[in-house]
Amino acid sequence: MANIIKKIKKKRKKQKILAQRAKLAKSQEKAQSANTQEDYEARLARHKRKNIRRTVLILGGIVVAVAAVLLFLEKRSYGNYRILRTSEQEDVVSTQYIEMDGNILRYSPDGVSLVDRNLETLWSENHDMQNPIADVCGDSAVIADRDGTTIEIFDGQGLTGSVSTSYGIVKVRVSDSGLVAAILDGGEDTWINFYASDGSLIAENQTRVDDPGYPLDVAVSKDGVIMMVTYQFVDGSNTTSYVAFYNFGDVGQNEDDRIVSGYTYEGVVIPQIQYLGNNRSVALRDDGFTLYSGAQIPKESETISVDKEIVSTFYDDDLIGLVFKNGSKDAAYTMEVYSTNGNLKFQKDFNIPYTTIKMSDGYILMYNSSQICVMNRRGVEKYSGTIDGTISNFLKIGWNRYLLVLDTGVSVIKLS
């Protein structure tokens, strides 16, 4: 009996030892598993950090490369040009060209057509005008017979409407939505009429030389809500200009003649006005320019005054440029270019005997009958040289692509 009890105790002790060993092994296994998990997580974290560093380095390299390419393109100048295609069937003597939403509007006394950058015709319309003038905003265009009575309105698909006026046409402007403003000469009185894109009359306003003056220019906001007019009148020996803003929306319906704001400038001539981007407009004065802002009731925001004679102006939605005579033998002209906030972007002296200066697709173009010059919006000269033939027009129509209109035909060129 004693032996049996002894054996039982010995067996229990052995089981206890085995249980303790199993528990210890399990504890060691658990600890080892925890260490393995920690090692795995540490390795994973190191791998992620390595991948992040690699990604940052790659992205940084891409950014540096892109910046280097952009800087190279920004500073690069060209010494020649290459003709990509030519159309010699054009009547370049009587035909004019103007950019229209990535294409080219081509108009003459006989008709109008829209062509793409490869000079392929998209649509065409015939008409009979003596002295056609045009204006474009986005994919809308207006063509009118100056001193005549015909107005035609177009979009990217062709003719949308026409107008036969009662008086001779002085100027026309179009909005992005196809609304048209026109100055009409009625002899002692003038008329400023507003038309829908189908040619129907929206409003007409009769003006007199003494009240509020003779209209020199008209501009339309891109949405067609605001019409801006500059008037000039003489009071004794003083010349006075008046800039009026007409609102054809709900805001202007309770105002006299729909004029929601107006500004008088004594001793100043304002021959040109223009609507810019972001609900801004500009009055180009003989002593500088005034900027206005506001979608419904435009207000004066900035006036830049200069004490030199302005010989040329140019602009687009983002920039306004003034050109003065320099008087230097090395540089006949000085150019000042401003943002539409009135901040001076750059000033540049140059010596190009231009007859035309304008903004085209974000670039400054200058040309005369035999020379062209291309500057970017920071004043870097990209190309300057002579052309074989007599130049009548020059447009930028894409990245490093230009439309060159000569007496011998029309060519698309690339600077090289």
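Numbers here simply count residues along the sequence, with the first being 1. As the structure is a prediction and not an experimental result, all values here were calculated from the model.
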Side chain proximity check, Met129 to Ile143, heavy atoms < 4.5 angstrom: yes
Below 4.5 Å, heavy atoms only, C-beta onward: do Val374 and Leu365 meet side chain to side chain? yes
Charged N to carboxylate O below 4.0 Å: is that the case for Asp176 and Lys222? no
If you count every heavy atom of other residues, nucleotides or ligands that lies below 6.0 Å from Asn118 atom CG, does the total exceed 12? yes
Could you walk me through whether Val136 and Glu99 satisfy the side chain to side chain contact (heavy atoms under 4.5 Å, CB included) test, starting with their C-alpha distance in whole Å, then the side-chain angles of each, then the deciding distance to 0.1 Å, before giving a yes or no? CA-CA 8 Å; Val136 168; Glu99 301 147 271; over 6 Å; no
Measuring from atom CG of Asp361 to atom CG of Leu395, what distance do you get when rounded to the nearest 0.5 angstrom? 10.0 Å
Charged tip of Lys382 within 45° of Tyr78 ring normal and under 6.0 Å: no
Please report whether the ring centroid of Phe248 lies less than 6.0 Å from that of Phe194. yes
Is the distance between the ring centroids of Phe289 and Tyr315 under 6.0 Å? no
Ring centroid separation Phe245 to Tyr292 under 6.0 Å: yes
Decide whether Asp330 and Ser328 meet the rule of one side-chain donor and one side-chain acceptor closer than 3.5 Å. no
Within the 3.5 Å criterion, strictly below it, is a donor on Gln272 or Asp217 matched to an acceptor on the partner's side chain? no
Looking at Tyr275, I'd like to know if the NZ or CZ of Arg280 sits under 6.0 Å from its six-membered ring centre while staying within 45 degrees of the ring's axis. no
Please work out which of the three classes, parallel, tilted or perpendicular, describes the rings of Tyr383 and Tyr81, given edges at 30° and 60°. perpendicular
Side chains of Ile372 and Met366: does their closest heavy-atom pair fall under 4.5 Å? no
For residues 124-164, pull every pair meeting ring pair (Phe, Tyr, Trp, His ring centres under 6.0 Å), keeping only residues two or more places apart or in separate chains. Trp123-Phe154
Under 30°, 30 to 60°, or over 60°: which ring-plane class applies to Phe394 and Tyr367, parallel, tilted or perpendicular? perpendicular
CD-CG distance between Gln274 and Leu284, expressed to the nearest 0.5 angstrom: 8.5 Å
Gap separating the CD1 atom of Ile104 from the CD1 atom of Ile397, nearest 0.5 angstrom: 4.5 Å
Taking all non-hydrogen atoms of both residues into account, name the closest pair between Asn341 and Leu291 and its distance. C-CD1, 3.9 Å
Pi-cation contact, Phe314 with Lys358 (under 6.0 Å, within 45°): no
Can you tell me how far the CG atom of Leu105 sits from the CD1 atom of Ile98, to the nearest 0.5 Å? 7.0 Å
Could you go step by step and tell me if Ile153 and Leu159 meet the side chain to side chain contact (heavy atoms under 4.5 Å, CB included) rule? CA-CA 6 Å; Ile153 307 167; Leu159 184 68; 5.7 Å; no
With a 4.5 Å cut-off on side-chain heavy atoms, are Met335 and Leu322 touching? no
Asp135 to Val174 - nearest heavy-atom pair and separation: OD2-N, 2.9 Å
Do the side chains of Tyr167 and Trp191 get nearer than 4.5 Å, heavy atoms only? yes
Which heavy atom in Pro298 sits nearest to a heavy atom in Tyr263, and how many Å separate them? O-OH, 3.3 Å
Are the ring centres of Tyr333 and Phe324 closer than 6.0 Å? no
When rounded to the nearest 0.5 angstrom, what distance separates CD1 in Ile259 from CD1 in Ile297? 13.0 Å
Please evaluate residues Thr86 and Ser411 with respect to the criterion side chain to side chain donor-acceptor pair (under 3.5 Å), reporting the C-alpha separation (whole Å), side-chain torsions for both, the decisive distance (0.1 Å), and the verdict. CA-CA 4 Å; Thr86 297; Ser411 297; 3.0 Å; yes
Shortest non-hydrogen separation from Val172 to Ala182 and the atoms involved: CG1-CB, 3.9 Å
No-hydrogen, no-angle side-chain donor-acceptor test under 3.5 Å, Thr240 and Asn238: no
